[in-house]
Amino acid sequence: MEGDFMDIFTAIKERRSVRSYKSTPVEKEKLDRIVEAARLAPSACNFQEWRFVLVTDTLKRQALMEAANNQSFVAEAPVVIACCAETDEHRMRCGELCYPIDISIAIDHMTLAAVALGLGTCWIGSFYPEKVRKILNIPESIKVVELLTLGYPADSPQSKNRKPLKEIVFYEEWK
Ligand SMILES: Cc1cc2nc3c(=O)[nH]c(=O)nc-3n(C[C@H](O)[C@H](O)[C@H](O)COP(=O)(O)O)c2cc1C
C-alpha cells in the first residue's frame, strides 16, 4: 500500500468511537497493516502476551453482538477483533498486572492505524467473556480482555468531550 498517510497528531485527534458501519468489507491489506501496528506495540519485559482473533463471519459477528450486551453495531461492523491474552499474570514491580496494560497499548495502536487507513473502531468492554470464549473456541486458559469493532464509518464525528488539561496534568508535584 503506497501513499501519504496522516500524521500521528491528526490520527489521535480524528480517532473516535464509531458505532455505525458501512457493510463494505475491510481490505486484507489494511487488516494486515492494523495487526502489524499491534504487533509492534511495546509491552512489559517485551512479553507480548496479546493474541487477536479476527472475525468477519456474519453468524459469528451476530453471536458476538449478543455476547456484547446486544450492542447492535457489533454485528454491523464487518470485522470484530477479540483481543485476548495468553498470560502468566505477571505483575510489574509497581504491582500492576502487565497484560491489561500491554493489550491496551496494542489496541490503541490498532485504533490509530485504522484512522490513518480511513477506518473506524470502537473499544467494547461491555461483553460477557465466557460467551465470547464459546463463540470463538477460545481456551479456558486465555483471557478475553476486550473486543474491537472495525470498519468504514457510516456516521459523522461529534465534538470531543474531555476534561481540560489543568484538571489532569500537574507540574513538579501533585496539586
Ligand atoms: C476500555 C474501553 C471500553 C469501552 N467499552 C465500550 C463499549 O462497550 N461500548 C461502547 O459503545 N463504547 C465503549 N467504549 C468507548 C468509550 O465510551 C469512548 O472511548 C469514550 O466515550 C470517548 O469517546 P471517543 O472514543 O469517541 O473519543 C470503551 C472505551 C474503552 C477505552
Side-chain angles (χ1 to χ4, degrees), residues 6-23 26 30 34-35 37-38 40-44 48-56 60-87 89 91-92 94 96-136 138 142-169:
M6 69 174 60
D7 71 81
I8 190 73
F9 295 100
T10 308
I12 289 168
K13 210 166 169 185
E14 289 196 2
R15 188 222 51 85
R16 63 191 174 87
S17 293
V18 171
R19 298 188 178 91
S20 177
Y21 293 92
K22 295 181 182 162
S23 56
V26 176
K30 290 193 176 183
I34 287 167
V35 287
L40 294 177
S43 60
Q48 305 168 67
E49 294 178 319
W50 46 61
R51 306 287 181 267
F52 304 99
V53 184
L54 273 56
V55 183
T56 56
K60 285 195 177 125
R61 287 186 291 116
Q62 184 71 33
L64 288 176
M65 175 197 82
E66 285 157 26
N69 222 10
N70 289 307
Q71 298 181 82
S72 57
F73 64 90
V74 174
E76 201 181 57
V79 184
V80 180
I81 303 177
C83 305
C84 306
E86 186 168 359
T87 179
E89 302 194 41
R91 285 178 189 271
M92 293 170 281
C94 67
E96 304 295 342
L97 277 166
C98 300
Y99 79 86
I101 294 174
D102 294 339
I103 201 151
S104 299
I105 300 165
I107 295 171
D108 213 51
H109 276 201
M110 291 197 284
T111 67
L112 295 175
V115 171
L117 297 168
L119 292 155
T121 56
C122 189
W123 291 67
I124 305 292
S126 177
F127 70 91
Y128 297 97
E130 287 315 316
K131 291 188 181 174
V132 171
R133 189 186 300 290
K134 263 204 190 114
I135 298 160
L136 303 181
I138 297 169
I142 304 295
K143 305 268 185 207
V144 187
V145 182
E146 203 71 18
L147 300 177
L148 188 72
T149 55
L150 173 71
Y152 288 95
D155 59 358
S156 31
Q158 310 284 313
S159 63
K160 278 211 188 289
N161 177 15
R162 292 295 192 272
K163 293 177 178 169
L165 272 179
K166 65 175 172 28
E167 260 186 56
I168 61 167
V169 180

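When a ligand or atom number is given, it counts from 1 through the structure's own listing order.
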Exercise. Quick one: which ligand 1 atoms are inside 4.0 Å of a heavy atom on Lys160?
Worked result: 27 (O)
Exercise. Who's the nearest protein heavy-atom neighbour of atom 9 (N) of ligand 1, and how far?
Worked result: Gln71 OE1, 2.7 Å
Exercise. Within a strict 4.5 Å, meaning less than it, do heavy atoms of the Gln71 and Met65 side chains meet?
Worked result: no
Exercise. Any protein heavy atom sitting closer than 4.0 Å to atom 28 (C) of ligand 1?
Worked result: yes
Exercise. Does Gly125 reach ligand 1 with a nitrogen or oxygen that is under 3.5 Å from one of the ligand's nitrogen or oxygen atoms?
Worked result: yes
Exercise. Is the closest N or O pair between Arg19 and ligand 1 shorter than 3.5 Å?
Worked result: yes
Seminar exercise, completed: For Ile124, the ligand 1 atoms with a heavy-atom partner under 4.0 Å come out as 5 (N), 6 (C), 7 (C), 8 (O), 9 (N)
Exercise. Salt bridge or not for Glu89 and Lys143, using N-O below 4.0 Å?
Worked result: yes
Problem set entry | Under-4.0 Å heavy-atom contact with ligand 1, by part of Ser104 that carries it | neither
Seminar exercise, completed: Quick note on ligand 1: atoms under 4.0 Å from a heavy atom of Ser126 include exactly 8 (O)
Problem set entry | Protein contact to atom 20 (C) of ligand 1 [nearest heavy atom, distance to 0.1 Å] | Ser17 OG, 4.6 Å
For this session: Identify the heavy atoms of Leu150 and Ala114 that sit nearest to each other, and give their distance.
Result: CD1-CB, 3.8 Å
For this session: Give me the one residue out of Val18, Leu117, Leu119 that meets side chain to side chain contact (heavy atoms under 4.5 Å, CB included) with Tyr152.
Result: Leu119
Exercise. For Phe73, is the nearest heavy atom under 4.0 Å from an atom of ligand 1?
Worked result: yes
For this session: Compare every heavy atom of Ile107 with every heavy atom of Glu146, then report the nearest pair and how far apart it is.
Result: CB-CD1, 3.7 Å
For this session: Count the heavy atoms of every other residue, nucleotide or ligand shown that sit under 6.0 Å from NZ of Lys163, and state whether that count exceeds 12.
Result: no
For this session: Give the residue, atom name and distance (to 0.1 Å) of the protein heavy atom nearest atom 22 (C) of ligand 1.
Result: Arg162 NH1, 3.6 Å
Problem set entry | Geometric N/O contact Arg15 with ligand 1, under 3.5 angstrom | yes
Seminar exercise, completed: In ligand 1, the atoms that come under 4.0 Å of a heavy atom of Arg16 are 25 (O), 26 (O)
Seminar exercise, completed: Ranked by distance from atom 4 (C) of ligand 1, the top protein heavy atom is Trp123 O, 3.5 Å
For this session: Give a yes or no on whether the backbone of Thr56 and the side-chain of Arg61 come within a donor-acceptor separation of less than 3.5 Å.
Result: yes
Exercise. What's the shortest heavy-atom distance between Tyr21 and Thr149, and which atoms?
Worked result: OH-OG1, 2.7 Å
Problem set entry | Sidechain N-carboxylate O distance under 4.0 Å for Asp155, Arg16 | yes
Exercise. Would Val55 and Val79 satisfy side chain to side chain contact (heavy atoms under 4.5 Å, CB included), going step by step from the backbone distance to the final call?
Worked result: CA-CA 6 Å; Val55 183; Val79 184; over 6 Å; no
Seminar exercise, completed: For atom 3 (C) of ligand 1, the closest protein heavy atom turns out to be Glu146 OE2, 3.2 Å
